[in-house]
There are 2 protein chains.
Amino acid sequence: MRGKQRYYCKSCDFHFTINETAVPQENRRPHEVTIMDLAQQLGISKSTVSRALRGHADIHEGTRKMILDLAQELDYQPNPLANALLKRQTNIVGILVPEFRHYFFPTFIMGAQEVLSKAGYNVMICQSDESYETEVANVKALLRSRVDGLLVSITAKTDNFDHFRTVMQKEIPLVFFNRVCPELDTPQVIIDDYSGAFQAVEHLIEQGYRRIAHLAGPVTLQVSRLRLQGYVDALQKHQLPLDQDLIVYHDLTEEHARICTRQLLDLPQPPDAIFAVNDPCAIEIMLIAKERGINIPQDLGIVGFSNDPISAIIEPSLTTVEQPVWKIGEESARLLLEQMEQPTVEKRMLATRLIVRKSSMRKG
Amino acid sequence: MRGKQRYYCKSCDFHFTINETAVPQENRRPHEVTIMDLAQQLGISKSTVSRALRGHADIHEGTRKMILDLAQELDYQPNPLANALLKRQTNIVGILVPEFRHYFFPTFIMGAQEVLSKAGYNVMICQSDESYETEVANVKALLRSRVDGLLVSITAKTDNFDHFRTVMQKEIPLVFFNRVCPELDTPQVIIDDYSGAFQAVEHLIEQGYRRIAHLAGPVTLQVSRLRLQGYVDALQKHQLPLDQDLIVYHDLTEEHARICTRQLLDLPQPPDAIFAVNDPCAIEIMLIAKERGINIPQDLGIVGFSNDPISAIIEPSLTTVEQPVWKIGEESARLLLEQMEQPTVEKRMLATRLIVRKSSMRKG
DNA sequence: CTGTTAGCGCTTTCAC
DNA sequence: GTGAAAGCGCTAACAG
């Protein structure tokens, strides 16, 4: 049956067999139209069909047309699995994010997907749910699925990066975004967290706040550290004292944000403003402040980070640092694509912009 | 080279060739460890290895252990592509949603993914961005990727269902959720939109509102029609007149929601309450009402649908109909899984619950 | 310009 | 209990 291009196919009209080797069909789904179906119906070899379909040069114009027409008529769809097996390339990109409840990651994904799908890539999305174990498992699953590249934002708990080292050893293109691994020499797309934070805090100072606290993120995350540094430096620039009591670290969960907020507000000398590491936790601060009847922005100024749509809706509206989320997605995807062509360790940084709203406008 | 189990492999230590047929390696990535690598290192046939790995019965205990140990040592990962090609089964489920900006779809996906990944399925997510053309293209892409099943929620613009008929013809398990196709006889998971809406409107009536408007969704969508019907019937039950001016249909975009809201509020006899088809548009209503200085809930009662987290945060907090989104995801996944075993057209309906908040509490 | 052949990694008969 | 062979759908080297 081999090498003779004889072919037997239950679901096609055009079939002829010589060797009736039992082909176990069992409960499998009927197959889609293949290159072989086309070849037989036209009485030519499947290589020729393949060539025509792939747009090779050395092919008779008439033959090509004939093949293309039939392919169209039968709605032939190449089987990407066969190709993937052969070429060791799936045209699938894995995206690994810590969560996608909030605004940031879904939007990122949309941006990335746009670029990726234009380049012919499908996307497989996994979320680690802020669990290190799940992250490791996801990386494994994605590798097993033979993705051609990986876009990842790590968990707040990730402090061992061996699973990413494996990816790098296998030379699978890898781009980190937002929550990156500084100790790994890989390409990444981040935003200017430091400047964003610096501006945010400077703005609070200009508005007359003097006891500015920082609800920080986990120190494990570079994003958190950079925003913290921006906060520290802005205070320093304006000769404000750095009070360690005013810096509290939370693990990015809402419950913990609430606990930390209470801790700040219960201080003997509570802060008159809080710079929050991101919008979701800034919202929690606002909720608690409102609960306690604290006047925002008069008694407490608040600034968040990321410009989550809620920040414009909540009252008072939340001053925040805008990040070009969609663009981060696009850039990350582009960087990944470039890296598939040629390995780099390029790091890209996108600008942020302070959006001043009511939660921090103490002066006119 | 065939049938002799001779094998040549650049990246493995253990290689021997007889026939030096040029194997084009080109710029392909080095291959992962295969069943053949194991077989050779152990000097046995790949069939035996396969059997051991797959846990067959007829295999010598010593051989099995030997194989399993080596597999572990070399971190052998079966290549799902080979299997997919062979079995015509990818273990990938496609999820097709109209968007995932808002709360609903990301949460749904998380619920579905949980069930699916436990059952050994990966997930491929596509969004149609409320475009019929994109939806059709996505279905095609998902079919081309040979997904084993499909979870879909249609676009507001979808009025031709041929692309789903194709899916059904190919006998690929298909479950609709939330935004379903009533004219297609497929399994689906929905919530009790009618009762939810009915309760919501009845609640408004109990609160003393008498001129209740409905910011409806597109009539193309069954969800919209059911919620509309709930609205209509609740009015009727309480002998309130049905004023067509008080029913406006919008296409689920925020801009259009705003236009329709203005249209309602600009009526010679504006409504004293609005029941919105979902929370995102209820939010838009609130924003406009606040802009105009309309007092909520005194002058205007508002009820939404879906219990988006924002609804608890916005001020006044938004009364809404809660849907068990996560559970819808789980149920849809389960139904899909069941259908892969045995075709059904089962339709499941989950209950809703009215959450009364400030935006509709005119009385105590 | 076209056909033959081999092989991607795996499972599954069919023999022994 | 184990091996040989065939084949899933496709591409590409080689030969004519």
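Because the structure is a prediction, the values reported are computed rather than measured. The chains referred to below are lettered A, B, ... by the order of the sequence lines, with proteins before strands, and numbering in each begins at 1.
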Could you check if a side-chain atom of [X] sits within less than 4.5 angstrom of a side-chain atom of [Y], using non-hydrogen atoms only?
{"X": "B:Leu96", "Y": "B:Leu151", "value": "no"}
{"X": "B:Phe105", "Y": "B:Phe177", "value": "yes"}
{"X": "A:Thr166", "Y": "B:Asp75", "value": "no"}
{"X": "A:Thr186", "Y": "A:Met168", "value": "yes"}

Exercise for review: Taking only the side-chain nitrogens and oxygens of B:Asn83, find out if one of them lies under 4.0 Å from OP1 or OP2 of C:dT11.
Suggested key: yes

Exercise for review: Would you please name every residue forming a salt bridge (charged side-chain N to carboxylate O under 4.0 Å, His left out) with A:Glu346, sequence neighbours left out?
Suggested key: A:Arg348

Point to revise | With sequence neighbours excluded, residues passing salt bridge (charged side-chain N to carboxylate O under 4.0 Å, His left out) with B:Arg144 | key: none

Rounded interatomic separation in angstrom, taking [atom1] from [X] and [atom2] from [N]:
{"X": "B:Leu42", "N": "D:dG1", "atom1": "CG", "atom2": "P", "result": "18 Å"}
{"X": "A:Asn79", "N": "D:dG9", "atom1": "CG", "atom2": "P", "result": "7 Å"}
{"X": "B:Met66", "N": "D:dG1", "atom1": "CE", "atom2": "C1'", "result": "12 Å"}
{"X": "B:Leu38", "N": "C:dC10", "atom1": "CG", "atom2": "P", "result": "8 Å"}
{"X": "B:Asp37", "N": "C:dC8", "atom1": "CG", "atom2": "P", "result": "11 Å"}
{"X": "B:Arg88", "N": "C:dT11", "atom1": "CZ", "atom2": "C1'", "result": "13 Å"}
{"X": "B:Glu32", "N": "C:dC8", "atom1": "CD", "atom2": "C1'", "result": "13 Å"}
{"X": "A:Leu81", "N": "D:dC10", "atom1": "CG", "atom2": "P", "result": "10 Å"}

**Study point:** Proximity of B:Phe164 and B:Phe176 rings by center, below 6.0 Å
**Key:** yes

Check your understanding: Which residues in residues 140-150 of chain B have at least one heavy atom lying under 4.0 Å from any atom of DNA chain C?
Key -> none

Revision key, fill the gap. Ordered by number, residues from residues 52-64 of chain A within less than 4.0 Å of DNA chain C (heavy atoms) are A:Asp58, A:Ile59, A:His60, A:Thr63

So if I take every side-chain heavy atom of [X] and compare against [options], which nucleotide ends up nearest?
{"X": "A:Ser47", "options": "C:dT4, D:dG9, C:dG9", "result": "C:dT4"}
{"X": "B:Arg51", "options": "C:dT13, C:dT4, C:dG9", "result": "C:dT13"}
{"X": "B:His31", "options": "C:dC10, C:dG3, C:dG9", "result": "C:dG9"}
{"X": "B:Ser45", "options": "D:dA4, C:dA6, C:dG9", "result": "D:dA4"}
{"X": "B:Lys87", "options": "D:dT11, C:dC10, C:dT12", "result": "C:dT12"}

Check your understanding: To the nearest 10 degrees, what angle separates the axes at the start and end of the helix from C:dC1-D:dG16 to C:dC16-D:dG1, five pairs each?
Key -> 50°

Review point. Will you find, in the side chains of B:Asn79 and B:Gln77, an N or O donor that is under 3.5 Å from an N or O acceptor?
Key: no

Exercise for review: Could you verify whether a donor N or O on one side chain and an acceptor N or O on the other, from B:Ser45 and B:Thr48, lie under 3.5 Å apart?
Suggested key: yes

**Study point:** A:Glu135: side-chain hydrogen bond (donor to acceptor under 3.5 Å, both in side chains) partners, not counting sequence neighbours
**Key:** A:Thr155, A:Thr158, A:His163

Practice item. Please confirm whether the backbone N or O of A:Val97 pairs with a side-chain atom of A:Ser128, one donor and one acceptor, at under 3.5 Å? Key: yes

**Study point:** Residue among B:Val167, B:Val175, B:Ile95 satisfying side-chain contact (heavy atoms from CB on, under 4.5 Å) with B:Leu150
**Key:** B:Val167

